[in-house]
Amino acid sequence: MEKRPAETTVACVRTAPAAAAIGSIEVEGPDALPIVQRIFRPAGEHVSFEEGQIIYGRFLDADQIIDDGLVGVEGPDRLALHGHGNPLILRQILTLLQKHGAAMTTPEQMFARRFFAECNNTIEAEARLESIKAVSLLGVQIIRNQRTTGLLNRVRQWLDSTDFQTLRQEAEEILLRSQIARRIIRGVRIVIAGPPNSGKSTLLNRLAGRRQALVSETPGTTRDWVTCEGRIEPLQIEWIDTAGLDERLAGGDALEQTAQQRTCDLLDRCDLILYVLDGTQSAVRPLSPSAAAPVLLILNKSDLPGFQSGPNAVPISAKTGTGLETLARAILQTLQVDSFDPAQPVAFTDRQKGLLKQITAAGDPAVLKSRIGRLFQEPKPV
């Protein structure tokens, strides 16, 4: 008979998959202690594997020494193995654990198993799991609030409500608010686009704080996209510099056509477009590209003679850094994160969003109540 998840002992590497001073493996399950004792020999005699103990010894394959290290007894049926951070050593220890009965898993799967076993409802378990992956402190706060004043509290109110019209309206409002919350929790992708030689690569380098993209007076220097990471609190941002948009280049050779198509593809897969124009070229005002993401118009080269600003545009000089604080505020406002209330109910998993969409569309009260019940307490996997 196949074992249920709670009856299975699992192991995973908890540290990053790269060389480091220390590497850690976690083992959890009813057979965690006997499995670890088969591959670990304490340095002292009469050692007790009681909760809270940290034990020094050696990891062994039969009598062959694999590594010196520590075993920490973190809780009932849960141990942490700490050795040297060479990935080859960690892999060998994992292989030994598997040989003696532990199943391999990932940190996320191990946390999910633990949280869903410990929590009284699905929203609380998901909140504990997703808060580990949030990319900003405000994102962590938003998720934690869903266990108290946020989504969990609202769902409990819905369970006792018979005002289905108001309930559906509140679900729609949560879905809309969740789009903004996702930007804070997961981060955003912002594409820098515009005609050739408008200063896109200079702007990327300025935003990155270092040279990321090649800068030249020759139009079309950037033929592929360049990316870097950055922050404008509370947002984690992936900045992407793209090849200059130009209909003439789109009809050029195969390389130019590919570069233009890649830019168009990126415009369809981002959260915001910074559309950069040369503010000294007043006669050239191309229309903003047609895309699903919002567009923020940037007029660059405000440090040069002949620069002219315009309505609904952010004037900057990517070369000198003038106007970048204004640009940062405009980005936060456009993405609607500048005044976001972290205490408001939001959905922070695809499961929650899917059930909320079903709630907004449910005409049958019994179906609607069923979806609310699943939102609160989804059956645990067996």
Side-chain angles (χ1 to χ4, degrees), residues 12-18 20 24 26 106-112 114-115 119 122-152 174-192 203-210 212 225-241 266-274 292-294 296 324-325 327-354 356:
C12 70
V13 176
R14 286 284 307 276
T15 44
S24 298
E26 188 153 331
T106 65
E108 183 174 348
Q109 290 170 337
M110 181 174 282
F111 280 128
R114 184 183 307 166
F115 295 156
C119 296
T122 305
I123 293 175
E124 182 178 359
E126 289 175 325
R128 291 181 63 184
L129 182 62
E130 293 299 318
S131 64
I132 298 172
K133 299 182 284 185
V135 298
S136 70
L137 290 176
L138 183 58
V140 173
Q141 183 182 352
I142 290 170
I143 294 174
R144 287 180 175 173
N145 286 342
Q146 303 315 306
R147 300 167 56 183
T148 53
T149 60
L151 183 63
L152 182 57
I174 290 175
L175 282 170
L176 290 173
R177 198 181 302 119
S178 301
Q179 296 178 13
I180 304 171
R182 180 196 61 79
R183 298 165 183 164
I184 301 172
I185 294 169
R186 293 281 171 257
V188 297
R189 169 182 278 189
I190 298 179
V191 170
I192 304 171
L203 177 58
L204 176 78
N205 290 337
R206 175 67 65 174
L207 293 168
R210 58 189 182 277
Q212 294 285 125
W225 54 274
V226 180
T227 182
C228 67
E229 299 289 331
R231 295 195 74 88
I232 299 177
E233 290 297 341
L235 292 178
Q236 174 76 25
I237 301 172
E238 180 187 12
W239 303 103
I240 300 180
D241 177 26
L266 287 166
L267 296 180
D268 292 331
R269 295 184 286 109
C270 67
D271 297 279
L272 177 65
I273 299 167
L274 301 187
L296 193 56
L324 291 190
E325 291 186 4
L327 173 58
R329 289 194 298 270
I331 288 172
L332 297 181
Q333 291 170 1
T334 304
L335 293 175
Q336 300 177 278
V337 302
D338 55 323
S339 58
F340 189 81
D341 183 357
Q344 289 294 311
V346 300
F348 54 90
T349 69
D350 291 338
R351 183 195 74 90
Q352 295 168 4
K353 293 171 187 175
L356 284 170

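The model shown is predicted, which means the values in this text are computed figures rather than measured ones.
- Side-chain contact between Pro107 and Glu26: absent, with no pair of heavy atoms (C-beta onward) separated by less than 4.5 Å.
- Looking at Ser131, its side chain never comes within 3.5 Å of a backbone N or O of Ile143 through a donor-acceptor pair.
- Side-chain contact between Leu272 and Thr334 is present, with at least one heavy-atom pair separated by less than 4.5 Å.
- When side chains are defined from C-beta on, Leu129 does not count as touching Glu126, because their heavy atoms never get closer than 4.5 Å.
- Distance CD/Glu130 to CD/Gln352: 8.0 Å, rounded to 0.5 Å.
- Looking only at distances, no side-chain donor or acceptor of Arg147 sits under 3.5 Å from a matching main-chain atom of Leu152.
- The shortest side-chain heavy-atom distance between Arg177 and Phe340 falls under the 4.5 Å cut-off.
- By the neighbour-count criterion of 12 heavy atoms within 6.0 Å, atom CG of Asp350 is sparsely surrounded, having that number or fewer from other residues, nucleotides or ligands.
- Minimum interatomic distance between Trp239 and Gly230 (heavy atoms only, all atoms of both residues): NE1-CA, 3.9 Å.
- Taking both residues in full, the closest heavy atoms of Gln336 and Ile180 are given as O-CG2, 3.1 Å, listed atom of the first, atom of the second, then distance.
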Report task. Given side-chain contact (heavy atoms from CB on, under 4.5 Å), test Ile192 with Leu207 step by step and report yes or no. Result -> CA-CA 11 Å; Ile192 304 171; Leu207 293 168; 4.1 Å; yes
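- Heavy atoms only, all atoms of each residue included: Lys133 and Arg186 are closest at O-NH1, 3.5 Å.
- Using modelled atom types, one side-chain atom of Gln146 and one backbone atom of Val346 make a donor-acceptor pair closer than 3.5 Å.
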**Report entry** side-chain contact (heavy atoms from CB on, under 4.5 Å) between Thr122 and Arg351, worked out
**Finding:** CA-CA 10 Å; Thr122 305; Arg351 183 195 74 90; 3.4 Å; yes
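- Atom CG of Leu327 is separated from atom CG of Leu274 by 6.0 Å, given to the nearest 0.5 angstrom.
- With values rounded to the nearest 0.5 angstrom, Asn145 atom CG is found 10.0 Å from Gln344 atom CD.
- The neighbour count for Arg144 CZ, taken as heavy atoms of other residues, nucleotides or ligands under 6.0 Å away, does not exceed 12.
- Around CG of Leu137, the count of heavy atoms belonging to other residues, nucleotides or ligands within 6.0 Å does not exceed 12.
- Residue Thr148 holds its OG1 atom at 10.0 Å from CD of Glu124, rounded to the nearest 0.5 Å.
- Heavy atoms only, all atoms of each residue included: Phe348 and Ile123 are closest at CZ-O, 3.8 Å.
- Rounding to the nearest 0.5 angstrom, the gap separating the CD1 atom in Ile174 from the CG atom in Leu356 is 6.0 Å.
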Requested in this report: Evaluate the side-chain contact (heavy atoms from CB on, under 4.5 Å) criterion for residues Arg128 and Phe111: first the C-alpha distance (whole Å), next the side-chain angles of each, then the deciding distance (0.1 Å), finally the verdict.
Outcome: CA-CA 9 Å; Arg128 291 181 63 184; Phe111 280 128; over 6 Å; no
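- Smallest separation of non-hydrogen atoms from Leu332 and Pro234: CD2-CD, 4.3 Å.
- Between the side chain of Arg183 and the main chain of Leu335, a donor-acceptor pair closer than 3.5 Å is present.
- The CD1 atom of Ile190 sits 11.5 Å away from atom CG of Leu204, with the distance rounded to the nearest 0.5 Å.
- Between the side chain of Thr15 and the backbone N or O of Ser24 there is at least one donor-acceptor pair closer than 3.5 Å.
- A donor-acceptor contact shorter than 3.5 Å links the side chain of Asp271 to the backbone of Arg189.
- For the pair Asp241/Asn205, no side-chain contact is recorded, criterion being any heavy-atom separation below 4.5 Å from C-beta on.
- Nearest heavy atoms, Gly139 versus Ala134: C-CB, 4.0 Å.
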